[in-house]
Colleague: 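First, the structure itself, so that you have it in front of you.
Keep in mind that this is a model prediction, so the values were computed, not measured. By convention here, the first residue in the shown sequence is residue 1. In what follows, every heavy atom counts, from backbone to side chain, and hydrogens, waters and symmetry copies are set aside.
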Amino acid sequence: MELKTVLSCPLGSQCETIKDEAIHRCAWFITLDGMHPTTGEIIQDKGCAMAWMPILMIENSKQQKSTAAAVESFRNEMVQSNELNTSILLTTEKLRLTV
């Protein structure tokens, strides 16, 4: 026999309820739009922001690694360019002193 899994709010609340002819919605109940990392499929999902936090933190970490790699690449290009400029300036200075 397979048991049914029921998710519940650790704060003891419900995400949405209808009461007094109004929808009462938790402030943490969000709609998350994005793209599936493997399939590229557009995703729109609703759920608790606190439940999404681990997934969003992992995605944020991936983006930070990508940014760090781009910054490191740019730095390496600048170092190479500065070394070339320094070499040109030193050569020009040596030529000026010999004339």
Side-chain angles (χ1 to χ4, degrees):
M1 181 174 129
E2 189 174 327
L3 294 177
K4 179 180 173 186
T5 301
V6 178
L7 299 177
S8 62
C9 178
L11 302 175
S13 183
Q14 294 181 356
C15 295
E16 286 185 310
T17 58
I18 298 175
K19 182 170 59 173
D20 302 327
E21 297 182 19
I23 297 175
H24 295 261
R25 183 176 293 144
C26 176
W28 289 348
F29 188 72
I30 62 168
T31 300
L32 189 66
D33 296 325
M35 185 179 298
H36 191 281
T38 307
T39 64
E41 176 186 351
I42 301 296
I43 298 172
Q44 184 179 39
D45 201 0
K46 294 182 179 186
C48 181
M50 294 300 111
W52 279 108
M53 286 302 294
I55 296 166
L56 293 174
M57 289 172 68
I58 291 168
E59 181 61 26
N60 186 23
S61 177
K62 289 179 186 176
Q63 294 299 322
Q64 286 179 2
K65 288 178 185 177
S66 175
T67 302
V71 169
E72 182 180 2
S73 175
F74 179 74
R75 177 216 170 265
N76 292 339
E77 291 291 327
M78 290 296 99
V79 167
Q80 184 179 6
S81 177
N82 286 340
E83 288 174 349
L84 179 62
N85 287 339
T86 301
S87 174
I88 291 170
L89 285 172
L90 289 174
T91 303
T92 304
E93 183 64 22
K94 286 179 184 176
L95 286 174
R96 189 180 70 78
L97 291 175
T98 58
V99 173

Colleague: Surrounding CD of E41 (heavy atoms of other residues, nucleotides or ligands, distance under 6.0 Å), is the total greater than 12?
Modeller: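 No, CD of E41 has 12 or fewer neighbouring heavy atoms, counting only those of other groups under 6.0 Å.
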Colleague: Which distance, rounded to the nearest 0.5 Å, do you find between the CD of Q14 and the NZ of K19?
Modeller: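 Answer for the CD-NZ pair, Q14 versus K19, is 9.5 Å.
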Colleague: Check C15 against F29 and note the closest heavy-atom contact, atom names and distance.
Modeller: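 That would be CB-CD1, 3.4 Å.
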Colleague: Who passes side chain to side chain contact (heavy atoms under 4.5 Å, CB included) against E21, sequence neighbours left out?
Modeller: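 With sequence neighbours excluded, E21 shows a side chain to side chain contact (heavy atoms under 4.5 Å, CB included) to no residue whatsoever.
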Colleague: Please confirm whether the backbone N or O of N82 pairs with a side-chain atom of T86, one donor and one acceptor, at under 3.5 Å?
Modeller: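 Answer holds: yes.
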Colleague: So how far is it from T67 OG1 to E72 CD, rounded to the nearest 0.5 Å?
Modeller: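 Rounded to the nearest 0.5 Å, the OG1-CD separation comes out at 13.0 Å.
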Colleague: Ignoring hydrogens and geometry, is there a side-chain-to-backbone donor-acceptor pair from T92 to I88 under 3.5 Å?
Modeller: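 Yes; judged by distance alone, with no hydrogens or angles, the pair exists.
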Colleague: Is K62 close to S66 at the side-chain level, that is, under 4.5 Å between some pair of heavy atoms?
Modeller: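 Not touching, per the 4.5 Å side-chain cut-off.
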Colleague: Taking everything shown except I18 itself, do over 12 heavy atoms lie less than 6.0 Å from its CD1?
Modeller: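 Not more than 12 within 6.0 Å, no.
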Colleague: Please report the closest heavy-atom contact between M35 and I43, naming both atoms and the distance.
Modeller: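 What the structure gives for the nearest pair is C-CD1, 4.2 Å.
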Colleague: List for me each residue that meets side chain to side chain contact (heavy atoms under 4.5 Å, CB included) alongside A49, sequence neighbours excluded, and say none if there are none.
Modeller: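 Per chain and number, A49 pairs via side chain to side chain contact (heavy atoms under 4.5 Å, CB included) with W28, I30.
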Colleague: Just so I know, are the side chains of L56 and L32 near enough to count as touching, which here means a heavy-atom distance under 4.5 Å?
Modeller: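 L56 vs L32: side chains touch.
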Colleague: Could you report the tightest heavy-atom contact between A51 and P54, atom names first, then the distance?
Modeller: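 What the structure gives for the nearest pair is O-CD, 3.5 Å.
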Colleague: How long is the gap from CD on E93 to CG on L95, to the nearest 0.5 Å?
Modeller: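 Atom-to-atom, E93:CD and L95:CG are 9.5 Å apart.
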Colleague: Using the rule that Ile, Leu, Val, Met, Phe, Trp and Tyr join whenever any side-chain heavy atoms are under 4.5 Å apart, tell me whether M50 and L11 fall into a single cluster.
Modeller: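 M50 clusters together with L11.
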Colleague: Quick one: salt bridge (Lys or Arg N to Asp or Glu O under 4.0 Å) partners of R75, sequence neighbours excluded?
Modeller: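 If we apply the salt bridge (Lys or Arg N to Asp or Glu O under 4.0 Å) test to R75, skipping adjacent residues, there are no hits.
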Colleague: Would the distance check show the side chain of S81 and the main-chain N or O of E77 forming a donor-acceptor pair, the cut-off being under 3.5 Å?
Modeller: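 No: the side chain of S81 does not pair with the backbone of E77.
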Colleague: Give, for atom CD of Q80 and atom CG of N85, the distance between the pair rounded to the nearest 0.5 Å.
Modeller: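 These two atoms lie 11.0 Å from each other.
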Colleague: Flag yes if more than 12 heavy atoms outside I23 fall under 6.0 Å of its CD1 atom; otherwise flag no.
Modeller: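 Counting neighbours around CD1 of I23, 12 or fewer heavy atoms of other residues, nucleotides or ligands fall under 6.0 Å, so no.
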